[in-house]
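Below: the structure, in structure tokens.
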Amino acid sequence: MRKGEDLLNGLECLAIRLFKINDLSQVLMVEKESFHPGQQYDESVFMRYLDMKHVFLVADLCGKIIGYVLGFVEDSSIAHLASIAVSPSYRGLGIGRQLLEEFEKKATALGAKRIVLEVSTSNTVALNMYVKKGYRIVRRIPKYYGDEDAYLMIKDFKS
Ligand SMILES: CC(C)(COP(=O)(O)OP(=O)(O)OC[C@H]1O[C@@H](n2cnc3c(N)ncnc32)[C@H](O)[C@@H]1OP(=O)(O)O)[C@@H](O)C(=O)NCCC(=O)NCCS
């Protein structure tokens, strides 16, 4: 049995669902495992998004939160994907892609015609995922993540 199959034994209980406040401590753990200390969102940042027209989804594997995606829709019908992460042990199994696809469905249902995001130019995995899902690089943003540059990427949706 491959690693992924083993881990996802019980994949039938994987649900991409709306965030609930009780999920926050587990989301913070995924955050800690996924980003360098200077780039991690703390509790207050997550809470701030809840005051916006947000899309906050979690990957729930039998009650264990193993990933999340977070963003918001601006009045101009542009959605901003602020963050997406999957717990390291569960990467490469299609969960990031499922989170992204569900984010797109929810954001467009809220009126988004375009999704924008920033990604570190060195984050090959995330870049591959976005390109594969139809996002295109529109420009490079110098020093967006401290010393690191980011790409601004967008995907347009037909109305
Ligand atoms: C980016 C991230 C969310 C992807 O989640 P994931 O569950 O591992 O991704 P998936 O298994 O759904 O793969 C989706 C696509 O990503 C790319 N990808 C995944 N793993 C990869 C790897 N090891 N090398 C290169 N590309 C890879 C592929 O294009 C893949 O599509 P494919 O399987 O059809 O080839 C995850 O790696 C992560 O949490 N990284 C740390 C946090 C982060 O960088 N977030 C993005 C901030 S912009």
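Just follow the structure's listing: the first ligand is 1, and inside any ligand the first atom is 1.
Ionic pairing of K143 and E148 is not present here: no N-O contact between side-chain nitrogen and carboxylate oxygen is shorter than 4.0 angstrom. A salt bridge does not link K105 to E101: none of the charged side-chain nitrogens sits closer than 4.0 Å to a carboxylate oxygen.
Cluster note: F19 groups with I21, L24, V27, L28, V30, F35, Y41, V45, F46, M47, Y49, L50, M52, F56, V58, I65, Y68, L70, F72 through ILVMFWY side-chain heavy atoms spaced under 4.5 Å, whether in direct contact or through intervening members. Side-chain contacts under 4.5 Å among hydrophobic residues (ILVMFWY), followed directly or transitively, place V116 together with I78, V138, I141, Y144, Y145, L152, I154.
In this structure, ligand 1 sits under 4.0 Å from heavy atoms belonging to S34, F35, I84, A85, V86, R91, G92, L93, G94, I95, G96, R97, E118, V119, N123, V125, A126, N128, M129, Y130, K132.
Closest heavy-atom contact between Q26 and G63: NE2-O, 3.4 Å.
For the side-chain hydrogen bond (donor to acceptor under 3.5 Å, both in side chains) condition, the pairs that include at least one residue of residues 54-65, sequence neighbours left out, are R17-D60.
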